[in-house]
Structures are given as structure tokens and as C-alpha cells.
Amino acid sequence: MFREVLRREIGDAITRAMESGAIPSGDVPPFDVEVPRDRRHGDYATNAALLLAKHVGGKPREIAQRLIEAYAPPPDRIERLEVAGPGFVNLTVAWPWKRDLVATICRLGDGYGLQTIGAGRRVNVEFVSANPTGPLHVGAGRNAVIGDVLANLLGALGFSISREYYMNDAGQKVHNLARSVEAHYLNMLGQPTPFPEGGYPGEYVKDLAGRIATDDGDRWLRVCEDERLDHFRDVSVTAVVADIREVLERFGVRFDTWFSERGLIRSGAVDRVLAELRARDYIYEADGKTWFRSSCFGDDKDRVIVKPTGEWTYFGSDTAYHLDKLARGFDLMINVWAIDHIGDVARVKGGLAALGVPPEALEILIYQHVRLKNAGESLRMSKSSGEFVALRDLMDAVGVDAARYFFAMTSPAVPMDFDVALALQPSQDNPVYYVQYAHARIAGILREATGKAGGGGACSSLDRSLDRLTDEREAALIHALGELPEVIRLAGLRREPHRLCVYAREVAEAFHLFYAHCRVLTDDPDLTAARLALVEAARIVLRRTLGLLGVSTPESM
RNA sequence: GCGCCCGUAGCUCAGUGGAUAGAGCGUUGGCCUGCGGAGCCAAAGGUCGUGGGUUCAAGUCCCUCCGGGCGCGCCA
């Protein structure tokens, strides 16, 4: 809140100083308004003068002084303004402005932090999209949280968001699932059948076969294999997707669209992509296969798009899928992919580039794997090996809040270690409890206050009493609360959801510190009213921050 | 070999080119006669992998090397 205003006003001051000749004219460089590491330097600092010195010439400290003179903010906004170090301008926010922020947050409520940067631009966030061949494992949990929180952030920035799950319900993987189910089914009905190569070993596969056997008996022994496999695939995929959907909903993730690859292929969209690529001369035949000239678009070699069997490779349907999204009117597509798909980025982008789609239309957010360990021993975690920890089990063990916070708090670029033995038992170590505890304390105070003060909102009629806020811990808490819009902006635009966790801890810390030193409910009605307003503002900010993370805000713990 | 990513406290990780690099866990020692001690305060713990470069300023940008992860399928 403070920061946007300061950025704007300092920019204006630079323009004025240039117009009056106080500093040399020229382009205004993109300067920062940041929180100094050492808070004795003030609430904020700008490097504008340092950058200006380089861009338009002059001595940094001299330019900083001129800038201060041109800025000359009213003393009830900025109480200290000084040149420091090599040419920083340090700013200390005056109490009246800090108190204004408390009132503003109380007035805006959950609207605090909402922005209009997105200007209604339509963004499709595609995430999870795990193959529907079995239950989600914990890796999908990381994907789900990154995608969901990013979507929340972009929504708060004013983008129009659609969440999408792409189901790879065509192709070899689901075929292998069908054959695995078939093998169990045949064995159950007395026809010894070897388990297929590439089959899925999990217990759920046996359950799927058992369900078919219970429902249909030996009916599928009497049809041809193709028909049987078609049916088994449909039944299995439907059941697996239903399971995935249910787990994700419990995890707090809802998709606007569940997009079927089979449907896409049936619609002829993939054929149209091939025809279009051929028309643009990016297709050739060799060795009985149809090739795409992906090497024209930064790939290290050309790729097969139609196999000798006449089947599509994933490449064709993927390209058609992204074109379909664009046709549905999205201005930007963001895909959340695990690191093992890093090699596909160039090919998907290449396919789109070949069809004239600008590269910035698709953004792929890569996150590193969740490394599973059990008492120090590494696990492979894959559905095809059957060695994985289900997201459902993690959720059941530690709860949705702890699991979501855990996945959200590490930068997507960093691999996460995940000790199964540790994770599968509820633990007080998760930092989410520190933050939630702050909220529960606030709720307790507000409960107590309504009992004592005979009701009345914490934020009513406090214009006068707010000037009773004078303590340095109050100032520090207000300063932290003021950062929410900036945090949302950075976390959303840089695609770094973990910033919310860093911020949530900072706010909670500032609150706990305030709480330890500043009694809220006192015999002094004005002081009590003022502090209650601050507490209410802190609650709003914590609720907003945890809300974006999809983590609950308990009234008590 | 080529491409992308990572290397920061004992462990797990934050860190927007900016001033004296921060948290959680763990360790050590304090703090409950008023709003919740799942908290607060303090101590100990760092050649920011290495060597160069750019810059007024580098954990942050560029290059070298070392170590680790992932990919380089007619799997998706």
C-alpha cells in the first residue's frame, strides 16, 4: 500500500526536478522502492538517485538531495526523508499515514490487496494433469498447490482465471492400464494370464478388475479382445478420474474444465493441425513415418508426429490441445509441469510457433521433483513401479492445511526432500501452525472484546482513537500489513507462490511480537479501540494471505 | 556430450543488483498473579561450492571449473 504510493510520488518528483532543471533531464530509469534490510534506515529506501546519476549524470548524493527537495511530502505522510550511504533516499512513514492504513484495511476487508493489473485478461492455468492411470501421488500435490495458488494470485491481480486438467485418456498409458486390469480379471475368472509388460502393479488395479467381475461376471470373456480392452479402459479411466477428482477437491482444488484428449482426437482437431502444418511445409514422410520439422524451431532434431501404425504421437494432440485453448479465447496459457517434462517445452512451443502462435502465449512453469525418502533411503515414486506415496494418505495423515503449506513454501525451482516416515505423522513442526496460531489468538481477542465492550465492530468510530497507536511494535505490524499488495503482485507476476508463506510468517511474527508487548483489552477505551482496529486489520491480512494459499484460518486451535 | 535447474548456518530453506546475509527445526540459557506459552527474549552456529569478470555496489548479472537433480522416446 505505502510502496505503490511512494513509487508513484517519487516518479512524479523526479519529473518535476527535471522540469525545473534541478537535475539533468533524461529517461527516468526503473528505480526500486524497497524495505531496507536494516530497519534503522527507515521504512523504505529508494535507489532512484543512484540510478539517475548513472543515466543522466551527476553525483548520486547531490541528486538525492535535489530529489528530496523536489519531493517535499507533507510531514503527516513522511516524517523523515534523508540521503544515506552512497545516495539512497531513506523514508520513514509518519504515524498519521500508518494509522490511515489501519482504517483503510478495516474498510476494504477482504478486498484489501486486490488489484487491477490483469485488467480482465483471460488466463488458463493448466495443472496436475497426471495421467489417469492411478491415484495421485505426493508429487501431484506439489503441482496442485503451485497451480492452485498461482491461479488464486492471478485472480487477485485482476486476471480472469480458468483452471484446467488435461486428461491423457488416449494412448499407450491408459492402454497399459486396461491390459493390467484385463490380466487380473482373466486370472480371477480362472484364465491364467501373464501380467503385461509395462502394466501397473498397484492394488487399485486389482480392485478395478474385481469391480468389473462383480458387476458383469464373465461377460467380458465372451467378447473379442479389442472390445473388452475398450470397455476396461473406459471403466478404469472413469473410476481413476473420479478418484483423482475427489482427492483434489478434498485438497481444496477445483477445476473449471476437465479436458479429454480422446475427445480432442475424435473431434478431428489433431488431423487439422497436421493438415495445417503440412500446408506450411513443416511435414515430411520418411521411413514410413510422418515427421515434423521441429529442428526449425530450436529442437535438436525433427520429431515423429504419426507413427507407422497410424497413431499420433503425443506431439500432435498436445499442439492441437493448446490451439484449442487459444480458440477458447485465452490470452495466456500457463502450464505447471514437473521437471521431467523439461525436454518437451521446446517441442510444444515449436509446434505452436510453426502455426504462428507467439511464444509469449504459452508459459510453462517448471517445478522440481518431490524426493521421497524413508529413513534416509530413497524411493523411486512412480505409478509404473508401484512405489509411491498417495496424496490421499499424506492428506489423511497431516491434514490439508499442513500439506498445502508444506508444498507451497518452497520455491518451485528447488527440489523438495520429503521424508515419508516424518510426513505421515502429524507434527507440530510445520510452520503453518505458527501462522494459524496468530490468527487463533486474534480471534480469541476479538471474541473477548465483543463480550466486554458489549458488541460493536472493532473498526467503528475510531478516527479519533487511532492516534493512540504509538508503539514501535504497532508500527512494525502496520508496516508488515502494508506489504500485502506488493507481495501479491510479486508472487503472482513472478510465478512465485512461496512468497506468500514467507510473508505469512513475517506478519505472524510481527503480530506475536505486538501481542507480547501491547495489551489490547485495557481500561482505556480509546487505546483499546485503536488496538482492536489494528488486530482486526491483522486478521484481515492473515485471512487474505492464508486464503490465497488455500489454508484455513482457525478461530481456535 | 548437449540443454534446463540447484549449490546460502548442523538439517530444511528464504533472500527485488543496495547498506551489518535471514527464518524454521535442532542445540544452550531465560520469561506465565490480566487478551491462548502452538508464544516471547537471548546465545551459539556462515570462506553464500570454486576462480575470474561487469558495476559506485554482487548471495543476486556474465564466464570457467567442481558437485548434485532432471531431460535429451515412434512413453504422455
Next item on the list: Please figure out whether A/V33 or A/D340 has its closest RNA chain B nucleotide nearer the 5' end.
Entry: A/V33
Check: If you pin A/P412 and A/F514 to their nearest nucleotides in RNA chain B, which one's is more 5'?
Finding: A/P412
Margin query: Among A/V145, A/V432, A/V398, which residue satisfies the side chain to side chain contact (heavy atoms under 4.5 Å, CB included) criterion with A/Y405?
Written below: A/V432
Check: Do you know which of A/K325, A/E126, A/H322 makes side chain to side chain contact (heavy atoms under 4.5 Å, CB included) with A/L362?
Finding: A/H322
Under 4.0 Å between any heavy atoms, over every strand shown, what does [X] touch: base, sugar-phosphate, or nothing? Just pick one.
X      : value
A/P415 : sugar-phosphate
A/E311 : nothing
A/A53  : nothing
A/D344 : base
A/P60  : nothing

Next item on the list: Just say parallel, tilted or perpendicular for the rings of A/Y321 and A/Y166, cut-offs at 30° and 60°.
Entry: parallel
[atom1] gap between [N] and [M], integer Å:
N      : M      : atom1 : value
B/rA44 : B/rG7  : C1'   : 25 Å
B/rG30 : B/rU47 : C1'   : 34 Å
B/rA57 : B/rU20 : C1'   : 15 Å
B/rA21 : B/rC2  : P     : 38 Å
B/rC40 : B/rA19 : C1'   : 29 Å
B/rC4  : B/rU16 : C1'   : 23 Å
B/rA76 : B/rA38 : C1'   : 44 Å
B/rC66 : B/rC56 : C1'   : 32 Å

Does [X] have more than 12 heavy atoms from other residues, nucleotides or ligands lying within 6.0 Å of its [atom1]?
X      : atom1 : answer
A/K59  : NZ    : no
A/D523 : CG    : no
A/E197 : CD    : no

Distance in angstrom units between [X] [atom1] and [N] [atom2], rounded:
X      : N      : atom1 : atom2 : result
A/N430 : B/rC13 : CG    : C1'   : 13 Å
A/R347 : B/rC75 : CZ    : C1'   : 12 Å
A/L50  : B/rA58 : CG    : P     : 13 Å

[X] has a side chain; which of [options] sits nearest to it?
X      : options                : value
A/L51  : B/rG73, B/rC75, B/rG18 : B/rG18
A/H498 : B/rG15, B/rG36, B/rA38 : B/rG15
A/N47  : B/rG18, B/rU16, B/rU55 : B/rG18
A/R3   : B/rU16, B/rU20, B/rG36 : B/rU16
A/R303 : B/rC35, B/rC70, B/rG73 : B/rG73
A/L521 : B/rU55, B/rC35, B/rA19 : B/rC35
A/S411 : B/rA38, B/rA14, B/rC5  : B/rA14
A/I342 : B/rA76, B/rU16, B/rC4  : B/rC4
A/E34  : B/rC5, B/rU16, B/rC56  : B/rU16
A/S556 : B/rA14, B/rC72, B/rG36 : B/rG36

Hey, does the side chain of [X] come within less than 4.0 Å of [N]'s phosphate (OP1/OP2), counting only N and O?
X      : N      : answer
A/H175 : B/rC75 : no
A/Y437 : B/rA38 : yes
A/R37  : B/rA19 : yes
A/K59  : B/rC56 : no
A/K307 : B/rC75 : yes

Note to self: I want to check a possible cation-pi pair here: A/R441 against A/Y515, using under 6.0 Å from ring centre and within 45° of the ring axis as the test.
What the structure shows: yes
Output one line per pair: protein atom, nucleotide atom from nucleotides 40-46 of chain B, and distance, for all N/O pairs under 3.5 Å.
from, atom 1, to, atom 2, distance (Å)
B/rC40, OP1, A/Y434, OH, 2.6

Report yes or no: do [X] and [Y] form a side-chain donor-acceptor pair below 3.5 Å?
X      : Y      : answer
A/N335 : A/H341 : no
A/Y314 : A/N168 : no
A/H55  : A/D27  : no
A/N176 : A/Y200 : no

Note to self: What does the 5'-to-3' dot-bracket notation of RNA chain B look like when only Watson-Crick and G-U wobble pairs under 3.5 Å count, and pairs to other strands show as |?
What the structure shows: (((((((..((((....[...)))).(((((.......))))).....(.(((..]....))).))))))))....
Check: Which way is the base of B/rC63 turned, syn or anti, if we draw the line at 90° from 0?
Finding: anti
Next item on the list: Report yes if the distance between the aromatic ring centroids of A/F255 and A/F127 is under 6.0 Å, otherwise no.
Entry: yes
Next item on the list: Flag as yes if A/F88 stacks onto the base of B/rA19 (centroids under 5.5 Å, planes under 30°), otherwise no.
Entry: yes
Item checked: Ring-base stacking, A/H341 with B/rG71 (5.5 Å, 30° cut-offs) -> no
Check: Hey, does the side-chain of A/N90 have a donor or acceptor N/O within less than 3.5 Å of a partner on the base of B/rA19?
Finding: yes
Check: Side-chain donor or acceptor of A/R40 under 3.5 Å from a matching atom on the base of B/rU20?
Finding: yes
Check: Which atoms form the tightest heavy-atom contact between A/R293 and A/I283, and what is the distance?
Finding: NH2-O, 4.3 Å
